[in-house]
Amino acid sequence: DYAYAASYYAYAIWIGLGVLALYDFMRKKVAGNLSAIGATALCTLAVPVVMAKAEWNDHDRSHKTLARAVAYNTLSCCAPNAVLFTFGDNQTYPLWYIQEIEGFRKDVRIINTSLLGIDWYVDQLNYRINDADAVPMIWTRKDYIGDRHNYLSYSKNPQIPEDKYFNLADICKFIISDDPANKAAGRGEAMNYLPTKNFFAPSLSKEELISRGMISAADSARVNTEMKWSYPKNMPYKSDLAILNIIAAVANDGWKRPLYFDAGLRSGDYGGTGDYLHMEGLVYRLMPFKYNDAIKVNQQVLGTINTEKSYDLFVNKFLWGGADRNDVYFDEPNRHEFVTYRMDASFVANQLSAEGKNKKAEEVLDKVMAGISEHSYCYDYTAYFIAASYYRAGAIKKATDLANKIVRNAETDVNWIASLNDNSRAALADDVKQQFQIMQSLASTAYQAGDSVNAKQIFSRMQQLGPKVKDLLNIKSGPGGGDEQ
């Protein structure tokens with residue numbers, strides 16, 4: 001990686017000095033060119049052999065296939081011929097690998113929103129790639145090439161009622177219009193602008209939704225097919241405008257192209273369509289309907305959860321990339337993925353429990369617990385969500401066992417912080433707060449679930465730890481710093 005370039009250069013210098021030293025030594029023992037040949041051969045053989053002998057266990061990645069597993073799992077969530085919006089390198093590159101090298105799910109069109117503000121990348125969407133069709137858009141090349149529409153500003157138009165909603169396709173045409181009447185005064189010249197933030201998109205009838213398998217006939221009475229929302233941004237950039245153009249074009253074409261958003265996107269990348277997002281495993285699918293009576297169990301989840309599909313993905317399809325083992329090391333970026341899996345599994349399980357499907361909820365949680373071992377990622381705040389979901393599903397024994405392990409880790413963390421010097425302890429005050437809050441939440445959740453015995457035990461351990469926590473939080477962070485409260 002480029003961040004380590006300087007260290008490579010420094011290491012190369014030491015290698016060169018080592019070869020010269022060995023050559024100088026051998027020249028005194030062996031005549032002629034044999035000393036140079038011998039020094040080169042010995043270094044070429046000895047260096048990798050010594051490194052392998054000393055460091056093989058630390059650097060063996062033969063069982064670490066998390067990147068591939070995440071790519072496989074993400075694409076497995078998508079319907080055929082889907083468009084998937086992602087963000088950043090870590091989300092996108094594994095997907096490109098598994099498509100281009102292994103040929104898996106080449107029908108899914110991946111759009112990296114980090115690149116979507118660049119004209120050549122937007123232009124590529126007009127062409128078929130692998131088995132994925134071109135991406136429909138309202139605007140054309142002249143509207144995004146170069147610096148065209150790098151950004152727009154929202155400007156309130158007094159002629160437009162604030163409570164009126166407008167077809168997103170018409171808005172996309174308005175904001176690229178060359179008609180002076182459709183522009184606002186800018187810095188020296190008239191500029192395109194966003195005249196409203198209230199949009200609607202053409203939907204489908206309930207009969208069409210049923211025939212396409214988007215909803216079941218039994219759920220049709222609960223469905224609202226009027227799709228309207230308010231846009232959250234006052235200054236959308238080219239990447240935001242591209243997303244709006246794609247949504248508008250897909251809606252105008254009768255929602256034939258499934259649209260998905262990776263759940264790790266920035267909140268603004270969803271374009272305010274949260275009510276119409278449906279969580280399917282690890283991704284959100286944008287659909288032209290919402291449920292009138294959806295039970296909002298998880299406030300962190302946008303829209304609703306397709307529990308049937310999510311259950312099947314977690315229990316029957318997802319891979320774990322070696323996380324189920326106890327002999328593979330996963331670094332911090334890897335553990336970010338485990339956070340996602342634990343959190344999403346708890347969301348799905350909670351929704352299943354709310355639907356009266358406690359057994360299925362427990363199966364989802366069991367699968368994630370087996371798929372991500374404690375060695376791969378310790379039981380921290382993310383495991384709290386799993387324990388709480390076990391309680392909600394009525395799996396009291398599993399919830400209690402996990403809760404006790406989480407409390408044990410929290411106590412260990414606080415005791416370790418207490419052993420540090422004052423500056424280090426002050427720097428970790430937020431971690432102390434988090435650990436104590438986790439214990440408090442676990443005790444409360446256990447009590448509400450009827451596990452009063454374990455709740456009292458956790459409260460007792462909190463009381464024993466309380467004075468130490470209070471002492472840690474009262475340490476001043478340094479000269480001029482106030483007390484931590």
Side-chain angles (χ1 to χ4, degrees), residues 3 88 90 263-264 266-268 298-301 323 329-347 350 368-369 372-392 399-449 451 454-485:
N90 289 347
R266 299 160 298 185
S267 59
N298 310 285
Q299 297 304 316
Q300 303 97 318
V301 175
Y329 172 72
F330 293 94
D331 57 22
E332 186 176 359
N334 299 148
R335 292 195 291 270
H336 287 164
E337 297 296 339
F338 298 150
V339 172
T340 298
Y341 279 85
R342 283 182 178 172
M343 298 289 284
D344 286 354
S346 73
F347 297 154
N350 289 342
V368 173
M369 286 293 292
I372 305 173
S373 69
E374 186 176 9
H375 176 274
S376 296
Y377 186 25
C378 71
Y379 294 147
D380 61 357
Y381 75 95
T382 61
Y384 157 74
F385 289 94
I386 298 293
S389 296
Y390 268 132
Y391 273 125
R392 188 186 291 269
T400 300
D401 290 344
L402 180 56
N404 287 333
K405 292 177 181 179
I406 298 169
V407 170
R408 175 204 64 198
N409 290 346
E411 290 173 329
T412 300
D413 195 26
V414 171
N415 287 328
W416 173 75
I417 293 173
S419 70
L420 304 176
N421 60 48
D422 285 354
N423 287 337
S424 297
R425 291 158 69 186
L428 293 170
D430 288 341
D431 194 46
V432 173
K433 290 179 185 178
Q434 184 187 65
Q435 299 303 335
F436 205 68
Q437 288 170 354
I438 289 172
M439 295 174 68
Q440 188 175 35
S441 297
L442 279 171
S444 177
T445 302
Y447 183 80
Q448 293 174 7
D451 189 10
N454 197 43
K456 291 177 180 178
Q457 290 177 351
I458 297 174
F459 274 124
S460 176
R461 294 165 76 171
M462 288 175 61
Q463 290 175 337
Q464 295 175 20
L465 205 61
K468 186 177 294 185
V469 170
K470 184 177 180 181
D471 179 59
L472 289 170
L473 297 183
N474 283 334
I475 297 175
K476 291 186 177 180
S477 58
D483 290 342
E484 293 284 351
Q485 298 297 325

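In this text the structure is predicted, and so the values were computed from the model without any measurement.
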Table please: side-chain donor-acceptor pairs of residues 461-468 below 3.5 Å, with sequence neighbours left out.
residue, atom, partner, partner atom, Å
R461, NE, E411, OE2, 3.0
R461, NH2, E411, OE1, 2.9
K468, NZ, N415, OD1, 2.7

Spacing of [X] atom [atom1] and [Y] atom [atom2] [to the nearest 0.5 Å]:
X: Y341; Y: T382; atom1: OH; atom2: OG1; value: 14.0 Å
X: F459; Y: L442; atom1: CZ; atom2: CG; value: 10.5 Å
X: R425; Y: N474; atom1: CZ; atom2: CG; value: 11.0 Å

Closest heavy-atom contact between [X] and [Y]?
X: A443; Y: I458; value: CB-CG2, 3.8 Å
X: N454; Y: A403; value: ND2-CB, 4.0 Å
X: A387; Y: I406; value: CB-CD1, 4.2 Å
X: N298; Y: S346; value: OD1-O, 4.4 Å
X: A418; Y: L472; value: CA-CD2, 3.8 Å

Quiz item: Could you give all pairs that pass the salt bridge (Lys or Arg N to Asp or Glu O under 4.0 Å) test and reach residues 372-382, with sequence neighbours left out?
Solution: R342-D380, E374-R408

Practice problem: Apply salt bridge (charged side-chain N to carboxylate O under 4.0 Å, His left out) to D401 and list each qualifying residue two or more places apart in sequence or on a separate chain. | Solution: K397

Just to verify, what does [X] make a side-chain contact (heavy atoms from CB on, under 4.5 Å) with, not counting sequence neighbours?
X: A455; answer: A446, Y447
X: H336; answer: E332
X: S441; answer: Y384
X: Y381; answer: V339, Y377, F385, Q434, I438

How would you list, by chain and number, every residue that makes a side-chain hydrogen bond (donor to acceptor under 3.5 Å, both in side chains) with [X], sequence neighbours excluded?
X: S424; value: N421
X: D451; value: Y391, T400
X: S376; value: S373
X: Q448; value: S444

Answer whether the closest heavy-atom distance between the side chains of [X] and [Y] falls below 4.5 Å.
X: L428; Y: W416; answer: yes
X: Q435; Y: V469; answer: no
X: L402; Y: Y379; answer: yes

Exercise. Name all residues meeting the ring pair (Phe, Tyr, Trp, His ring centres under 6.0 Å) criterion together with F330; count only those two or more places apart in sequence or in a different chain, and write none if there are none.
Key: F338

Quiz item: Would you say N90 has more than 12 foreign heavy atoms packed within less than 6.0 Å of its CG?
Solution: no

